[in-house]
Amino acid sequence: MRWIEQHTYSNRIRKLHPAYKAGLAFLVLIVCLLTTNYFISFICFVGIFALTVIWARIPITVFLKLILSEGSFLFIAILGVAVSVTFHPSIGAYRVGNLWLNITAASVNLALVIFFRALGSAAALNFLILTTPVSDLIYLARKVHVPEFLMDIVIIMYRFIFVLYDSLERMVLAQQIRLGFSNFKSSWRSIANIAAQLFIEALQRSRRLNLALQGRGWDGTLKVLNPRFEHPLLFRLLWGMLVK
Amino acid sequence: MKQLTFENVHFRYKGKKEEALKGISFTLKQGEKVALIGRNGSGKSTLILQANGILRPQKGKIYIDHKELRYDHHSLVELRRQVGVVFQNPDEQLFSASVLQDLSFGALNIGLSATQAEQRVMEIAELCNCQHLLDSPTFALSGGEKTIIALAGILIMQPTFLFVDEILGSLDVWMQERILAIFDQLINKGLCVILATHDLNFVSRWADRVIYLQDGVVLYQGKPQEVFSQLCVPDFVFNHWKLGVNTCG
């Protein structure tokens, strides 16, 4: 997750108002979800890919690494759509042992539509994730009146992901230097120990964070300054309605 | 000159038989450098939480500027404006995704407008020499940087009394010097720094006054040499620093 966040904070359009980026991402997302033409979805994917790599200067490898990890799940899922397995033969079916694999033009077309629809949608959200820090997204969510308590939970959860991940790394190391994870059995024991410890640590840390927040005058709402953003004229004209 | 006074403060945690604080009494004054020392579990952290109003004395009173502490919302906001606490682990103090936002939290909580808060953030960032970190995500900071930001997050509220819970021990000497330089600047302007620490060598060099806690009681308080002469300290602690203290091998 850290490698994603590093690019989020260092890309070329980091300072662009998040409404523009979110607007673009959701526009592409909606087009991909509504269209039944996989070519349009593919064009959306290519367009987003180009914007991410050329405009935002996110390295190609980063974008591909992210999309491939999502695409691998997607590929497995659409196999089930493209290929149906039966015990009975039918026209154009392939025999594998006692089973028959049916692949029809309609099922392949449906699989392609779903595949590119999901790929285009994932690429649109990846664009947003890779170019917009969470703090900016939280700002945007507040602007569109997402309830404060939900945003406070998001802020704390996001922070705790990294804090607990650091703890997890230390715990794994502590197990390894005492021969944890050395074989299958000890690995399971180590995982169980770490899970239990991490849960306790999460509780203790949340209690201490609560004390620290109280010490800083917390009154139930996490009030923070809004970040400053860039508003290029072209974007103002295009999406002026979205930005207050 | 403002004062923070503990008068016979007692406190017991729920489910514990023994009191964590047993009749603590002392007074802190503006511009003092005070070291709070004592063994693990002696009550230092509990005392710090009492000063900030997070815990309340079950017996005894705390006064700030000769007025007894009250615990209604308005009084607590006022108290936390005057008494700041920096905890040992900065990861448990930083909550926001970005440094700028984290620093602004305290400033907005004491009622500053967004413009005033932003101005205060810039001033504190300059004081702590961390302007370059304002746009950084908190997760990407080093341990020392996190400590500086946690400290800045409290200093932004411009406290009169600053309790610092064992933050120096985990820092390199350069970062320690940087933090002590910040303290010195603010002490000259009237800040009282109360540093909980186990580093007796450091205490002997830095503190004007030492408060020694043992089992929830202030056993000794006074100048470092006076207090150390009463203590039984392992001799290796003062190996390179001869003060004629009472060591016990």
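In what follows, chains carry the letters A, B, and so on, assigned in the order in which the sequence lines appear, proteins first and then strands, with residues in each chain numbered from 1. Note that these values count all heavy atoms, side chains included, but never hydrogens, waters or copies made by symmetry.
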Task: Verdict with reasoning, Phe139(B) to Tyr158(A), per side-chain contact (heavy atoms from CB on, under 4.5 Å) - done: CA-CA 10 Å; Phe139(B) 75 83; Tyr158(A) 174 75; 3.9 Å; yes

- [ ] Could you tell me the separation between the OG1 atom of Thr138(B) and the CZ atom of Phe162(A), rounded to the nearest 0.5 Å?
- [x] 8.0 Å

Open item on the list: Rounded at 0.5 Å granularity, tell me how far CZ in Arg208(A) sits from CZ in Phe87(B).
Closed with: 10.5 Å

- [ ] Below 4.5 Å from any heavy atom of chain B, which atoms of Thr221(A) appear? Answer side chain, backbone, both or neither.
- [x] backbone

Open item on the list: Applying a heavy-atom distance below 4.5 Å, give me the residues of residues 185-204 of chain A that approach chain B, sorted by number.
Closed with: none

Open item on the list: For the backbone of Leu225(A) and the side chain of Gln101(B), can you confirm whether one donor and one acceptor N or O come within less than 3.5 Å of each other?
Closed with: yes

Task: Electrostatic pair Asp219(A):Arg80(B) at N-O distance under 4.0 angstrom - done: no

Task: Exam field: side chain Arg216(A) to backbone Gln93(B), donor-acceptor pair closer than 3.5 Å - done: yes

TODO: Sort out for me which of Leu55(B), Leu94(B), Asn89(B) touches chain A most, counting heavy-atom pairs under 4.5 Å.
DONE: Leu94(B)

TODO: Pick one of side chain, backbone, both or neither for Ala117(B), based on which atoms fall under 4.5 Å of a heavy atom in chain A.
DONE: both

Task: Glu169(A) CD: over 12 foreign heavy atoms closer than 6.0 Å - done: yes

Open item on the list: Does His132(B), at its NE2 atom, have more than 12 non-hydrogen atoms belonging to other residues, nucleotides or ligands within less than 6.0 Å?
Closed with: yes

Open item on the list: Is Ile110(B) in contact with chain A via its backbone, its side chain, both, or neither, using a 4.5 Å heavy-atom distance?
Closed with: neither

Task: From Glu92(B) atom CD to Arg207(A) atom CZ, the distance as rounded to the nearest 0.5 Å - done: 11.5 Å

Task: Flag if over 12 foreign heavy atoms under 6.0 Å of CD1, Ile60(A) - done: no

Task: Option in Val134(A), Leu211(A), Asn226(A), Asp166(A) with maximal non-hydrogen atom pairs under 4.5 Å from chain B - done: Leu211(A)

Open item on the list: Please check if the number of heavy atoms outside Lys29(B) that lie under 6.0 Å from its NZ is greater than 12.
Closed with: no

Task: Stepwise side-chain contact (heavy atoms from CB on, under 4.5 Å) check, Gln214(A) with Leu76(B) - done: CA-CA 9 Å; Gln214(A) 283 186 53; Leu76(B) 281 177; over 6 Å; no

Task: Contact class of Leu213(A) relative to chain B, heavy atoms under 4.5 angstrom - done: both

Open item on the list: Between Glu118(B) and Arg228(A), does any NZ, NE, NH1 or NH2 come within less than 4.0 Å of an OD or OE carboxylate oxygen?
Closed with: yes

Task: Among the listed options Ile156(B), Val86(B), Val83(B), Asp135(B), the residue most often paired with chain A at heavy-atom distances under 4.5 Å - done: Asp135(B)

TODO: Output the distance between atom CD1 (Ile156(A)) and atom OG (Ser96(B)), rounded to the nearest 0.5 Å.
DONE: 8.5 Å

Task: Enclosure of Trp174(B) CH2 (heavy-atom neighbours >12, cutoff 6.0 Å) - done: no

- [ ] Output the option from Ala150(B), Pro159(B), Ser104(B) having the highest count of non-hydrogen pairs under 4.5 Å with chain A.
- [x] Ser104(B)

Open item on the list: Please classify the contact between Asp91(B) and chain A as side chain, backbone, both or neither, with a heavy-atom cut-off of under 4.5 Å.
Closed with: both

TODO: Look at atom OH of Tyr63(B) and say whether more than 12 heavy atoms of other residues, nucleotides or ligands are closer to it than 6.0 Å.
DONE: yes

TODO: Check whether more than 12 heavy atoms from other residues, nucleotides or ligands sit under 6.0 Å from atom OH of Tyr71(B), and answer yes or no.
DONE: yes

Open item on the list: Can you tell me which portion of Leu222(A) sits under 4.5 Å from chain B's heavy atoms? Options are side chain, backbone, both or neither.
Closed with: both

Task: From CA spacing to verdict: side-chain contact (heavy atoms from CB on, under 4.5 Å), Val224(A), Phe95(B) - done: CA-CA 11 Å; Val224(A) 291; Phe95(B) 70 92; 3.9 Å; yes

TODO: Count the heavy atoms belonging to other residues, nucleotides or ligands that lie under 6.0 Å from CZ of Arg39(B), then report whether that count exceeds 12.
DONE: no

